[in-house]
Structure formats: C-alpha cells, structure tokens
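Just so you know, these numbers use all the heavy atoms, side chains as well, and skip hydrogens, waters and symmetry mates. Counting starts at 1 for both ligands and their atoms, in listed order.
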Amino acid sequence: MSVDSAPAGARIERGAGRDVILELKNLSVSYGNIKAVQNLDLTVHAGEIVTLIGSNGAGKSTTLRTISGLLKPKTGEVIYKGKKINGIPGHDVVKLGICQSPEGRKIFQRMTVSENLDLGAFTRNDTAKIAQDRERVLELFPRLRERINQKAGTMSGGEQQMLAVARALLGDPTLLLLDEPSMGLAPVLVDLIFETIETIRDQGVTVLLVEQNALAALEIADYAYVLESGRLNLEGPAEALLDDDSVAAAYLGG
Ligand code: ATP
C-alpha cells in the first residue's frame, strides 16, 4: 500500500510484513572509464512491482544486467534473499529464481515460439510443473498459443515482446526482471503488456521493471526509483511520484 492512500496520520511503512527479496547496496558499475551506475541503493520486497525509471543512458539496463550476473559491480553488493550474489555467473543466477526478459526482443529469431518457450525452462527438470507453467503463460498471452509453431523472427514486434516476457516466466522466477517491455509497442499493446505485468505480480511473482515509459510504469508500480546519469535522483511510492511536479516535468511530459 502506498503512503498516499493511508488514512491521515497513519503512515504505513513500505513493505510492512513482507520480506526483502533484493537489495542493492552502494552499487557502482563501470564500462572501462564510463561510470554507468554510481552508489545505487535499492530495495525490492516480495510481491511488489518496483520500477526503475530514467532517461536514455541513465544506467537502468546496466543495473538489471548486474543483478542477472552478466556484469560485475565495481563496488557494492547485490543481495538476494539475504545472500550476496554478485560474482555468481548468469546461468546460476537463473537457478536462484531471478529471470530477465531482455530489452529489444532478444529472442531466438529462427526458432519457433514453442522452441523459445522450451529454452526458457532450460535450467529446470520439473517436467510436470514446466507443462503447467507453459499452459499458464499461454493463457496470459493467447496470441502466442495461436502462433505456437511460427518462427519467432516472423512475428510482429509486440508478439516478440510478449514472447520475451513469456520465455522469462518459463524460468519459474521468484523475481522477474523486465527491461523496457513496452519499447516500440503500439499504445493498445502497451496497455496489454502492463496489465499482464500486474497479473504476473498478482500470481505471486515479484517484478523489477525498467521503463522509459515512466507514466505507464508508475501507474502499475508499488514503488519507484528514478536514475539520472547513473545516480539515484529520487525514490518513493509510485503514486507519490506520479503527483510530483519535478517527476512530471522531467519524465511525464509536463
Ligand atoms: P536506455 O534507456 O537508453 O536503454 P539505460 O538507462 O538502460 O538507457 P544503460 O544502457 O545502462 O542505460 O547505459 C548506461 C551508460 O553506460 C550509458 O552512458 C551507456 O552509453 C554506457 N554503456 C552501456 N553499455 C555499454 C558498453 N557495453 N560499453 C560501454 N559503455 C556502455
């Protein structure tokens, strides 16, 4: 619940009664001399949608890639369920329950929808549960069921984006990392993808959502962090940020 919707005088602490699932502590990440992320502190509680917003080059994707184990931090820590995980390779991070849907529809273009979904479950051997999860994502994205044997690269941009999210869900994530799921989508599909992210959260998956579409992200998120040139600029309940004049001016088009 957000502070804004609490009765007057009854300030409700963020995440009350919920476990902290992910913590970034004083995280800094560089590419050579380029300081992409500097001294970032961020917390995600179980059951939340947390969004990380900011302009081009703010360091959002770098943060996600560091959590996924694809990049190593220069300093600081990534703590998942109380254990430090920075330094663990990406394929082992997936086994811990952290799955990333990549930016820019990086699915396997020459493979079918079905084969892409199979690959999403590559770290798992719980065959019956995989079949159940596959059915669940095909219910979430009926369009993918219609296209199950189509080559992924021949689908529309929006369909490919759905497949990227669906494939990440087949990894059975506890924490789903979404990198710009609305990028390049028509408004009607943007609405659909954000509604689906809420459904995913309601089904028990915690979501860390990176978005340039700050308005849509803040509308579904519980809590938000604003990055500016690699540094944390602002954080707060998403509802409060939606009402913040400086956020409106910088990220919501006035
Ligand atoms: P966008 O919304 O435009 O994708 P972002 O917030 O996700 O931006 P990042 O992709 O994390 O930003 O980039 C942060 C900074 O790091 C940028 O200045 C970018 O140019 C730089 N950067 C990202 N990847 C690399 C790389 N592989 N090598 C060198 N610099 C990089």
Side-chain angles (χ1 to χ4, degrees), residues 22-44 49-78 80 85-87 89-90 93 98-107 157-158 160-165 167-168 175-187 189-190 193-194 197 207-221 223-236 238 241-242 244 246-254:
L22 179 80
E23 271 181 291
L24 305 182
K25 285 191 174 167
N26 198 30
L27 192 78
S28 296
V29 190
S30 296
Y31 302 97
N33 291 330
I34 299 169
K35 293 177 178 173
V37 174
Q38 295 184 67
N39 310 110
L40 176 62
D41 290 314
L42 177 150
T43 304
V44 179
I49 297 175
V50 172
T51 188
L52 184 58
I53 57 176
S55 330
N56 285 120
K60 306 182 298 294
S61 298
T62 301
T63 303
L64 283 197
R65 288 201 292 263
T66 308
I67 298 166
S68 302
L70 304 176
L71 294 172
K72 283 192 179 160
K74 194 170 175 211
T75 60
E77 293 182 335
V78 180
Y80 175 67
I85 61 162
N86 44 288
V93 171
I98 302 178
C99 300
Q100 179 166 349
S101 169
E103 181 186 11
R105 309 159 191 159
K106 289 191 188 93
I107 48 172
Q160 292 189 36
Q161 195 66 270
M162 291 175 198
L163 179 56
V165 176
R167 195 183 65 183
L175 175 63
L176 178 65
L177 308 178
L178 295 174
D179 199 347
E180 309 240 8
S182 78
M183 188 156 72
L185 299 189
L189 277 184
V190 171
I193 206 109
F194 280 94
I197 294 166
V207 179
L208 178 56
L209 167 68
V210 156
E211 260 300 334
Q212 276 201 40
N213 187 341
L215 179 59
L218 289 173
E219 279 175 345
I220 64 161
Y223 200 83
Y225 292 86
V226 183
L227 269 187
E228 189 78 56
S229 304
R231 289 185 182 275
L232 187 62
N233 189 25
L234 194 65
E235 65 170 276
L241 264 65
L242 270 175
D244 185 293
S246 67
V247 173
Y251 304 103
L252 306 178

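What you find for E180 and Q212 is that their closest heavy atoms are OE2-CG, 3.4 Å.
Under a 4.0 Å criterion applied to the non-hydrogen atoms of T62, ligand 1 contributes the atoms 9 (P), 11 (O), 13 (O), 14 (C). Set against the non-hydrogen atoms of S55, the atoms of ligand 1 under 4.0 Å away are 6 (O). Ligand 1 places these atoms under 4.0 Å from at least one heavy atom of I34: 30 (N). Near R65, meaning under 4.0 Å from one of its heavy atoms, ligand 1 places the atoms 24 (N).
Considering backbone and side-chain N/O of A36, none are found under 3.5 Å from N/O of ligand 1. Note: an N/O pair closer than 3.5 Å links G59 and ligand 1 by distance alone.
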Side-chain donor-acceptor pairs of residues 66-73 under 3.5 Å, sequence neighbours excluded:
residue : atom : partner : partner atom : Å
T66     : OG1  : T62     : O            : 2.7
S68     : OG   : L64     : O            : 3.1
S68     : OG   : Q100    : OE1          : 2.4

All N/O donor-acceptor pairs, side-chain side in residues 226-233, below 3.5 Å, sequence neighbours left out:
residue : atom : partner : partner atom : Å
E228    : OE1  : Y251    : OH           : 2.3
R231    : NH1  : N39     : OD1          : 3.4
R231    : NH2  : Q38     : OE1          : 2.9

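A donor-acceptor distance shorter than 3.5 angstrom exists from the side chain of Y225 to the backbone of T43, with no hydrogens or angles considered. A donor-acceptor pair is defined here as one N or O able to donate and one able to accept, closer than 3.5 Å; no such pair exists between the side chain of Q160 and the backbone of I107. Distance alone, capped at 3.5 Å, is enough to place a donor-acceptor pair between the N86 side chain and the V78 backbone. Counting only distance, with no hydrogens or angles, the side chain of T51 and the backbone of L209 share a donor-acceptor pair below 3.5 Å.
Around atom 1 (P) of ligand 1, the closest heavy atom drawn from G57, S229, A58 belongs to G57. Taking each of K60, E180, Q212 in turn, the one with a heavy atom nearest to atom 6 (O) of ligand 1 proves to be K60.
For G230, the closest heavy-atom approach to ligand 1 does not fall below 4.0 Å.
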